[in-house]
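Contents: one structure, followed by commentary.
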Amino acid sequence: MAPALDKIHEECGVFGIYAPDQDVARVTFFGLYALQHRGQESAGIAAADGQTLRLRTHMGLVSQAFSEEDLAALPGHIAIGHTRYSTTGSCSPANASPIRAECDLGSFAVAHNGNLVNAQPLRDEMLQLGARFASSTDSEVITRLIAEAPGRDWLTKIRRAMPRFMGAYSLVIATVDRLIGVRDPLGVRPLCLGRLEGGQGGWVLASESCALMTIGAALVREVAPGEIVIIDAGGVHSHTGQVPERHAMCLFEYIYFARPDSTINDRRVYLARLRMGEELAREHPAAADIVVPVPDSAVPAAIGYSRASGIPFAEGLIKNRYIGRTFIQPDQRLRDVGIGLKFNPLPEVLRGKRVVLVDDSIVRGTTTPPIVRLLRQAGAEEVHVRIHSPAFRWPCYLGLDVATRQELIAAHKSVDEIAAHINANSLGYLSVEGLLRAIDVPRDEFCFGCFTGHYPVPVQMDLMDKLALERPLPAMAAPGEAALPPR
Ligand code: SF4
């Protein structure tokens, strides 16, 4: 693996389409392409033509994973797609999604974004009943529980399965003749509904609205927390799956995960980040000459900081946008260079300047010191680090792969100690209140788990590990197939 960067890894992206006169596998490919930032380990598409459901999954980026032959082998008018970063289960072909299963209503496939906090007890219970699993993902647990739930129709089955799931799940499901979207009652991960105009029209479900724009669909609305939408020849049918007791949308979707051109809760993510920068400038001013973002995610907040402070914005770091994930190990000399694989400084911009460096988060505290060092080596006189999120003190159990609490630098060090660790002249984090002002959505809509340790669902921290479901399996089914229990 390439040197680990100190970033929170995104979770997954899901996409679904119901469109009678479209090449749905191809549209899904481009929908996933727009959601690539949410997961880069594997990708999959399942398509249905009214009678048969077909599935293709591959490792790697969407653009590498699918060929023209793959898309040609996925005919139909319904398709779902998934791009994965492993939050439960390792990065392996067996864990690629969507997951396909058979049940008494026929074939179906599920693409899941999020993380169940009770996946392990559910899986243990199923194993004791003789179930066999093909993967070590919570997505397969979800798929299996839907398959086994009693019910004469999909709505009943899903409604009966939902109360068993605890945690985050935005699902798109393809059956042979319908497309279904499900969002957990907390609404942790986003899911939106879009409409394709022209021809026979069509409907689209996606993790983020940026995917709708990419394929020429218009955003209709978000799928509500606890809602099930069933899309068939008769249009979109909305149902209550589970009545939410509270909402707990992930704040990091606004801070870092979602693309800035996406809209969540009617808020453009770009503008929310801009306002985070403005709030940060008010909360943590600095006497400086330029404001420099850590590209690309901190650019809008740095512009906001610059606007509110009057300090000019400057690009002092240039990112290698094509670096992606690599499994080629750098040699020792390159490891020593470290962060230089990803960023190069611009000495002409930085020399002699007092710099405000804006970033979205500090997780382990391993990436920021080399970036500060790069700026100083390029001639920066002072470096004042400003973070447009509150300090990340607790792990996330709801769909993000972050460090353990032990590894989180803000769990053990004060702000001054972290400033010393990263060799910054000063350090400031945006407050929770400042963040909420920037997003401008009521406080009770959100999850604050990683900032406060108070999660919206009970978590057994000692059990929560992304490889927790990885244990010797009684028998393995084919990758992407949910193994059925012996009858
Ligand atoms: S714990 Fe943090 S990262 Fe995880 S869902 Fe909640 S707000 Fe998002």
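All ligand and atom numbering here is 1-based and tracks the order in the structure. All values below were derived from every heavy atom in this structure, side-chain atoms included, with hydrogens, water molecules and symmetry-related copies excluded. What you are looking at is a predicted structure, and each value in this text was computed from that prediction instead of being measured.
Counting only residues at least two apart or in different chains, side-chain hydrogen bond (donor to acceptor under 3.5 Å, both in side chains) contacts with residues 299-309 are absent.
With contacts defined as side-chain heavy-atom distances shorter than 4.5 Å, the pair R178/I231 does not qualify. V385 has its side chain within reach of I387: a pair of non-hydrogen atoms, C-beta onward, lies under 4.5 Å apart.
By the side chain to side chain donor-acceptor pair (under 3.5 Å) test, D261 is found to be paired with R259, residues two or more places apart in sequence or in another chain being considered. For the salt bridge (Lys or Arg N to Asp or Glu O under 4.0 Å) test, residues two or more places apart in sequence or in another chain that qualify with E125 are R164.
Each protein N, O or S atom less than 2.8 Å from atom 6 (Fe) of ligand 1 was counted, giving 1.
From the protein, the heavy atom lying nearest to atom 5 (S) of ligand 1 is R189 NH2, 3.5 Å.
Of the candidates Y429, W394, F252, F451 forms a ring pair (Phe, Tyr, Trp, His ring centres under 6.0 Å) with just one, namely F252.
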